[in-house]
Amino acid sequence: MRLSTITDETRLAVANLATRATGFVTPTVRLGVTGLARAGKTVFITALIHNLIHGGRLPLFRAYASGRMTGAMLEPQPDDAVPRFDYERHVEAMVGDRLWPDSTRQISEVRLTVEFESASYLARRLRPGRLHLDIVDYPGEWLLDLALMSQNYVDWSREAIARARTRERKKHAAAWLAKLDQVDAAAGEDEKLARELAALFTDYLRAIRLDGEVIATEPPGRFLMPGDLEGSPALTFSPLVVDGESPPGKLARMMARRFEAYKSVVVRPFFKDHFSRLDRQIVLVDALQALNGGAEAVADLESALAATLSAFRLGRANWLTGLVLRRIDRILFAATKADHLHHQDHDRLEAILARIVGRALEHAKFAGAEVEVLALASVRATREGTVTHGGEKLPSIIGTPLPGETVDGRLFDGKTEIAMFPGDLPDEPQAVFDNRKQEPGTALRFVRFRPPKLERTAEGLTLSLPHIRLDRALEFLIGDRLA
Ligand SMILES: Nc1nc2c(ncn2[C@@H]2O[C@H](COP(=O)(O)OP(=O)(O)OP(=O)(O)O)[C@@H](O)[C@H]2O)c(=O)[nH]1
Ligand SMILES: [Mg+2]
């Protein structure tokens with residue numbers, strides 16, 4: 001009898017522990033979807049939800065493939081002050097109109113609840129079998145603000161002006177740079193001049209945002225999306241030609257004060273509220289667009305990513321490290337839009353991405369996080385085929401270019417399907433950093449395709465959005481939490 005008592009007590013203790021561990025609260029994974037502007041964050045989040053709710057083809061996502069996942073639904077999100085991610089509108093755009101969602105203008109959040117049966121008998125008895133997946137979407141521009149946190153006004157001014165003078169940017173910056181040449185940073189404070197400089201600086205930021213050839217936008221990210229801070233001093237400043245700290249009452253000092261205000265009023269709260277609570281992270285990188293732009297564009301992408309991802313580095317004391325990496329235990333680096341390449345080139349794309357995010361990847365590993373590198377397409381807009389060129393059969397992709405896209409001088413109206421050979425990636429990842437190593441005629445051809453036309457079942461249901469390796473990404477990001 002004694003034995004059975006002990007067993008009962010043990011059972012109770014185990015049950016209590018389980019309740020304490022999970023409380024009556026459902027376990028939550030807060031997933032960070034990180035990426036520069038146009039990297040594919042909004043499309044990724046939409047495709048992830050759509051595939052889980054509609055039951056996509058996800059053979060590599062084990063809980064789902066084995067039938068243990070019993071449902072997924074959107075539920076009210078935890079943060080009441082953040083707008084809800086407009087999932088329905090994004091789906092309507094992609095599935096209904098076959099158009100991509102608009103570029104994101106504000107932060108938003110969504111909670112997806114997954115219901116599942118645990119694989120182990122004990123866990124099945126103890127755990128509720130529900131998992132909340134909380135995801136935040138935000139404009140990619142804001143990510144580069146992270147780099148500002150470790151800079152002072154003088155250093156930032158110097159670097160921002162140097163970047164504005166580089167080849168692909170200087171045409172956009174001409175008016176602002178010309179004005180800077182006339183301004184004396186040591187002159188007195190001048191609100192009118194500050195406004196004028198901020199306006200010219202903002203025009204420059206807007207122009208590079210619109211230039212498809214510039215890979216990384218330029219911070220401060222909020223200048224183009226001011227919201228209710230529009231016209232406030234924290235958004236009315238500009239870099240100046242300065243060589244050191246200037247005394248109070250001077251224009252440079254006034255700008256420096258506003259730069260610091262921007263950091264404390266805008267940047268710090270955003271990253272503290274969002275990044276400090278992450279459990280897992282996916283870093284989306286549009287490596288193909290950079291590869292399309294050549295070695296300089298690749299270098300631009302590498303330095304923009306290094307500047308932001310270094311904030312996640314452990315072992316280097318800064319304001320964010322203490323908050324972040326302690327919690328993030330898995331990071332997935334994903335090269336997006338892999339449907340622009342034939343699958344034969346996906347391994348090379350992964351190798352190139354690993355090289356581009358190299359340092360961040362090593363640091364994440366060193367900090368004890370599990371790391372994976374993947375080529376994926378959240379939404380697969382193409383199929384594969386072959387084209388014959390000069391008697392040679394080349395692996396090609398087939399898709400419908402967006403209205404207004406041109407290929408070999410031919411303008412498309414969004415109705416015509418084409419097959420094209422997108423080009424091959426180099427064998428040796430390092431070659432993408434060197435223009436000289438690119439053999440003539442091997443340049444990539446990057447065309448924006450429309451989202452795919454979805455088939456309907458006999459019952460009139462639309463199938464879920466096709467993808468490439470979204471299931472592997474899901475397995476890595478949340479698979480263990482559904483074990
Ligand atoms: N073919 C293809 N194109 C994609 C895919 N994901 C994104 N794109 C393209 O990339 C563009 C940008 O994707 P978004 O998801 O809006 O990017 P974002 O990171 O949210 O960008 P911001 O909101 O500006 O920060 C889309 O308009 C599509 O043209 C994909 O999986 N396949
Ligand atoms: Mg977006």
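Only heavy atoms go into these numbers, but all of them, side chains included; no hydrogens, no water, no symmetry mates. One-based numbering along the sequence shown. One-based numbering, in listed order, for ligands and for the atoms of each.
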Between E75 and T113, is any side-chain donor less than 3.5 angstrom from a side-chain acceptor?
yes

Check for me whether the distance between the ring centres of F237 and W156 falls short of 6.0 Å.
yes

Quick one: closest heavy-atom pair of P401 and T416, and the distance?
CD-O, 3.2 Å

Regarding Q281 and R330, is there a side-chain donor-to-acceptor distance under 3.5 Å anywhere?
no

Are the side chain of R163 and the backbone of E218 linked by a donor-acceptor contact shorter than 3.5 Å?
no

Any N/O/S atom of Y138 sitting less than 2.8 Å from the Mg ion (ligand 2), backbone or side chain?
no

Checking only N/O/S atoms, does S103 have one that is under 2.8 Å from the Mg ion (ligand 2)?
no

Does Y138 have its ring centroid less than 6.0 Å away from the ring centroid of F270?
yes

In order of chain and number, which residues sit within 4.0 Å of ligand 1 by heavy atom?
L36, A37, R38, A39, G40, K41, T42, V43, W100, S103, T104, P139, G140, R209, K337, D339, H340, A377, S378, V379, A381, R448

Given R30, which of R111, H274, H132 fulfils the side chain to side chain contact (heavy atoms under 4.5 Å, CB included) condition?
H274

